[in-house]
Amino acid sequence: MAYLQSITLEHLPADYTIHIALFQDVKNASFLHQQLLAGNTDFEYALIDASVVVSKLQALAAAYRAVNDLVENRLKSRNVHAEIVFSLSPNNNIAESFRRFGITPTTTNLLIMKVSTPSLPTTSEAVQDHLVASIQGIQVAFGDEVLAGMTDLARVRKIYKLNSSSAKGAKISVSADVEKKELEMVILGSMALRGATN
């Protein structure tokens, strides 16, 4: 069963489609990482370590910012796929964003995004076929429930410099859903403010 999703985001031109896939138990992350480092254009994707993504909304917000920057000729990195990884970052250090959010040789859960543009159109079938042929892992649905099982919350809090949800010594009991939503909102705020404060 193919779980690839193809999404056109509101407020972006309709001919920019984002193809998104999620894989778990990836066995060949080292190979995929090498393809990126070598600049192999067959592997021109945003390859994101899914352990640092808390929600579908966070991933789509990064894609939106990157595609919008592409449309407005404001890319800070080499292409729209690198810009997606960079857009997840709370700061302006591109190299650091790749270390924190991009694929590493030890990545086991992988979020993959491919942007189809008017100058480089691609179909969901072509993306799906290439991913299935290239990735040794289990493709799963791209959704909040699946991402929640992959997220390393301690690592996410460290990257975004966040403490736990309770304020200094206050013992406030909140549900896991409320805490996750608050964490997501703070992360989205950090992503949105990058560049305005650094």
Side-chain angles (χ1 to χ4, degrees), residues 3-23 36 43-103 107 109-124 126-128 131 139-148 150-151 156 159-162 180-198:
Y3 290 109
L4 183 85
Q5 290 185 26
S6 296
I7 299 171
T8 303
L9 296 173
E10 290 184 39
H11 307 294
L12 290 175
D15 48 356
Y16 289 82
T17 303
I18 302 159
H19 304 289
I20 306 168
L22 185 60
F23 285 82
L36 280 184
F43 289 87
E44 195 170 298
Y45 296 92
L47 299 177
I48 301 164
D49 186 337
S51 70
V52 293
V53 178
V54 298
S55 69
K56 189 173 174 177
L57 183 60
Q58 178 191 6
L60 293 176
Y64 176 85
R65 181 170 185 163
V67 173
N68 189 54
D69 286 349
L70 172 68
V71 170
E72 299 296 330
N73 283 327
R74 292 186 307 228
L75 290 182
K76 291 184 173 95
S77 58
R78 61 187 166 96
N79 62 43
V80 70
H81 300 101
E83 196 77 13
I84 291 171
V85 177
F86 179 48
S87 294
L88 289 164
S89 182
N91 65 46
N92 281 319
N93 188 323
I94 294 173
E96 185 178 301
S97 69
F98 286 113
R99 280 192 304 275
R100 289 181 171 179
F101 298 97
I103 189 172
T107 298
N109 297 314
L110 187 60
L111 176 61
I112 303 162
M113 297 177 140
K114 174 79 171 175
V115 179
S116 176
T117 66
S119 61
L120 290 170
T122 188
T123 65
S124 58
V127 172
Q128 177 67 23
L131 293 178
Q139 190 170 5
V140 294
F142 172 59
D144 288 337
E145 304 79 30
V146 178
L147 283 170
M150 298 177 174
T151 304
V156 169
I159 289 170
Y160 288 100
K161 298 177 179 152
L162 305 173
K180 181 200 167 280
K181 204 61 169 163
E182 287 176 358
L183 181 64
E184 179 184 64
M185 289 301 117
V186 171
I187 289 169
L188 290 171
S190 296
M191 289 168 51
L193 289 174
R194 187 201 74 220
T197 59
N198 293 348

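Residues take their numbers from the sequence shown, with the count starting at 1.
E83 places no side-chain N or O within donor-acceptor distance of the main-chain N or O of V67, the cut-off being under 3.5 Å. A distance-only check finds no donor-acceptor pair linking the side chain of T151 to the backbone of S51 [under 3.5 Å]. Between the side chain of Q5 and the backbone N or O of I20, no donor-acceptor pair lies under 3.5 Å. A distance-only check finds no donor-acceptor pair linking the side chain of S116 to the backbone of P121 [under 3.5 Å].
Residues T122 and E44 form no side-chain contact, since every pair of their non-hydrogen atoms from C-beta on lies 4.5 Å or further apart. A heavy-atom distance below 4.5 Å is found between the side chains of K180 and S55. Two residues are said to be in side-chain contact when any heavy atoms from C-beta on lie closer than 4.5 Å; F98 and I94 meet this criterion. Y16 is listed as a side-chain neighbour of P118, based on a closest heavy-atom distance under 4.5 Å. Residues E10 and Y64 fail the side-chain proximity criterion, which asks for heavy atoms closer than 4.5 Å. For the pair V52/L88, no side-chain contact is recorded, criterion being any heavy-atom separation below 4.5 Å from C-beta on. Contact annotation: the side chain of D144 never approaches that of Q58 to less than 4.5 Å [non-hydrogen atoms, C-beta and beyond]. Looking only at side-chain heavy atoms (C-beta outward), L4 and H19 come within less than 4.5 Å of each other.
Across every non-hydrogen atom of I48 and L110, the tightest pair is O-CD1, 3.4 Å. Heavy-atom minimum distance, G102 versus V85: N-CG1, 3.9 Å. Taking every heavy atom of both residues into account, A14 and T17 meet most closely at O-OG1, 4.2 Å. When all heavy atoms are compared, the tightest approach of A59 to M113 is O-CE, 3.4 Å. Minimum interatomic distance between S87 and A66 (heavy atoms only, all atoms of both residues): OG-N, 3.8 Å. Closest of all the heavy-atom pairs between K56 and L147 is N-CD1, 3.6 Å.
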Y160 vs M191, side chain to side chain contact (heavy atoms under 4.5 Å, CB included): CA-CA, chis, key distance, verdict: CA-CA 9 Å; Y160 288 100; M191 289 168 51; 4.0 Å; yes

Can M150 and V140 be said to form a side chain to side chain contact (heavy atoms under 4.5 Å, CB included), step by step? CA-CA 11 Å; M150 298 177 174; V140 294; 3.9 Å; yes

Should L57 and M185 be marked as a side chain to side chain contact (heavy atoms under 4.5 Å, CB included) after you check the CA-CA gap, both sets of side-chain angles, and the distance that decides it? CA-CA 10 Å; L57 183 60; M185 289 301 117; 4.2 Å; yes

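Enclosure of atom CZ in R74 by more than 12 non-hydrogen atoms of other residues, nucleotides or ligands within 6.0 angstrom is indicated.
When the options L36, I112, V115, I84 are evaluated for a side-chain contact (heavy atoms from CB on, under 4.5 Å) with Y45, the one that passes is I112.
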